[in-house]
Amino acid sequence: METIATLRRKFIDGSYTPLQAVEDAFAVIAQKDGEIHAFLDTYREDALVQAKDATKRYAEQGSDTPPLLGVPIALKNNILVKGKRATGGSKILEHYTATYDATVVRKLQEAGAIIVGATNLDEFAMGGSTENSAFGPTKNPVDTTRVPGGSSGGSAAAVAMGAVPAALGTDTGGSIRQPASYCGLVGYKPTYGAVSRSGLMAMGSSLDQAGPFAHTVSDAQLLHTVIAGRDPLDSTTIDEDTYPEVTLKETYTIGIPRDFIQEGVDEDVLEVFEEHVSALKAAGHTVRDVSLPLFEKGLAAYYVVMPAEVSSNLARYDGIRYGLSVEGDTLLDVYQKTRAVGFGEEVKRRILLGTYVLSAGYYDAYYGKAEAARELMRQELSDVFRIVDIVLLPTTPTPAFPFGAQSDPLSMYKQDIFTVPVNLTGVPALSIPAGTVCRDATNKPCGEQSQGTQLPVGVQYIAPHGGDTRLFDLGKKMHDQV
Ligand code: GLN
């Protein structure tokens, strides 16, 4: 599907209508989603009613209409839409219906967006491939033998397969940026607190943010602007002018932590990265080396802090308050049986890990240390932002991998090496497509002889707290205008 900007222009001049756009969205879903499985649910009837209304409003009011009027959007299914199923990708919530709208949903609807469906995800957003969904994996539309990334893989695939121009995901450690990179899209993780978490299923509350997938940085910016802002329902939200010192410039100074990206990155992914560095220089930006030694500890800190928060956030799924309830002889029995059958392996692993690091004897040794490391990472990063405007990293060390290829949890966790420091420090980051690399049927880089598939890889711009607009500015210059 076309970009939001193009749809909007056509809706206004009458050459295309919201009704046609929604019908086209469902035609693509009917044609492709049997194989891709981006969607868990679709809302055809509701969407068509809204599309007819939006079509009428454009005919009457033209450009004097809300900015997303008639634009089809998909939502990751850990974002609540009142009256719709909210599964979180988990068996425990398979038949659970949301009782209220998330703030981001209310804002999208006020801006006129039409929500066409709910997309697949790793269970409670834990994973990097959608293979952890209780409802089966999603395939990458670029190459259906490969994962779309995760945990917001369904949202990425919905956009990449052309069903919708944009979708929302959530990002706790990379779950928007990594699937965006794997599917050739723009993906954006806002400054912590820029977007309300009210009505998002909590994974790691100090890390979670909702953000867009889109084809262009301008579309991502538009969606972000619609959903951002202070919300009385989430006391961690901030005002847009909380960080007035972050300014826009003609050209930026960009820092690369070279020591951090030497190991474990595929050679051709590094080549794409270097090509992007050259393009930045050619566009007049200044590139220099910076040092962020603590970023290497990011994964270690993340896999303590995140499971700790997971273990406490998921305590609410007890067989009494939400969704699945398995009968038992005692209340404790109900809790245990429900959680035993309702949660998948990865979720259980993280709850166990989290409970362990928070237990009285180990709290200081693990959780306390991880929080201290996190604070030092914040300081280290803010020192770097005294000398550069933006930090540049690859989004992921490899392109999308084949199903089952990262079945060892630790090797899957390593995919997050460049994304988790951003969530730990709370800064914003934008992933844009930077090029492609070729992989053959055995997942090796294509040689002289071997045929293969071109797979997208992204690069990631990171800005200081509140530097969201700066990221969009550079992103538009480097992606939308080429
Ligand atoms: N892949 C990461 C994890 O498994 C990130 C998840 C996310 O951002 N929701 O934790």
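All residue numbers refer to positions in the sequence shown, counting from 1. Every number for a ligand or one of its atoms is a count from 1 in the order of the listing.
- In Ala125, the parts holding a heavy atom less than 4.0 Å from any atom of ligand 1 are both the side chain and the backbone.
- Contacts between Asp416 and ligand 1 below 4.0 angstrom, taking non-hydrogen atoms only, involve the side chain exclusively.
- In this structure, Tyr302 counts as a contact residue of ligand 1, since one of its heavy atoms falls inside 4.0 Å of the ligand.
- Annotation for ligand 1: atoms under 4.0 Å from non-hydrogen atoms of Tyr303 are 3 (C), 4 (O), 10 (O).
- The ligand atoms of ligand 1 that sit less than 4.0 angstrom from a heavy atom of Met203 are 9 (N), 10 (O).
- For Arg85 and Phe135, the positive end sits near the middle of the six-membered ring, less than 6.0 Å away and at most 45° from its axis.
- Within a 6.0 Å sphere centred on OH of Tyr366, heavy atoms belonging to other residues, nucleotides or ligands number 12 at most.
- Judged by the 6.0 Å distance and 45° axis criteria, Lys91 is not positioned over the aromatic ring of Phe343.
- The number of heavy atoms from other shown groups lying within 6.0 Å of CD (Glu240) does not exceed 12.
- Aromatic ring orientation, Phe418 versus Phe260: perpendicular (interplanar angle above 60°, classes split at 30° and 60°).
- Where the criterion is an N or O separation shorter than 3.5 Å, residue side chain and backbone included, Thr172 meets it with respect to ligand 1.
- For ligand 1, the polar-atom distance check finds no N/O of Gly150 at less than 3.5 Å from any of the ligand's N/O atoms.
- Those atoms of ligand 1 with a heavy atom of Asp171 less than 4.0 angstrom away are 8 (O).
- Test Asp268, Thr398, Thr453 against Arg439 for side chain to side chain donor-acceptor pair (under 3.5 Å) and you get one pass: Asp268.
- With Ser411 contributing its side chain and Asp408 its backbone, the two residues share a donor-acceptor pair below 3.5 Å.
- A donor-acceptor pair under 3.5 Å is absent between the side-chain atoms of Thr237 and the main chain of Arg230, judged by distance alone.
- When heavy-atom distances to ligand 1 are checked against a 4.0 Å cut-off, Arg350 comes that close only through its side chain, counted from C-beta outward.
- Neither the backbone nor the side chain of Gln178 comes within 4.0 Å of ligand 1, counting heavy atoms alone.
- Ion pair Asp143/Arg146 flagged as a salt bridge, since at least one NZ, NE, NH1 or NH2 atom sits closer than 4.0 Å to an Asp/Glu carboxylate oxygen.
- Heavy-atom separations between Phe124 and ligand 1 are all 4.0 Å or longer.
- Ion pair Arg378/Glu375 flagged as a salt bridge, since at least one NZ, NE, NH1 or NH2 atom sits closer than 4.0 Å to an Asp/Glu carboxylate oxygen.
- Protein heavy atom closest to atom 7 (C) of ligand 1, with residue, atom name and distance, is Ser175 OG, 2.3 Å.
- Those atoms of ligand 1 with a heavy atom of Gly173 less than 4.0 angstrom away are 5 (C), 7 (C), 8 (O).
- Between Met306 and ligand 1, no pair of N/O atoms sits closer than 3.5 Å.
- Heavy atoms of Gln209 come nearer than 4.0 angstrom to ligand 1 in no pair at all.
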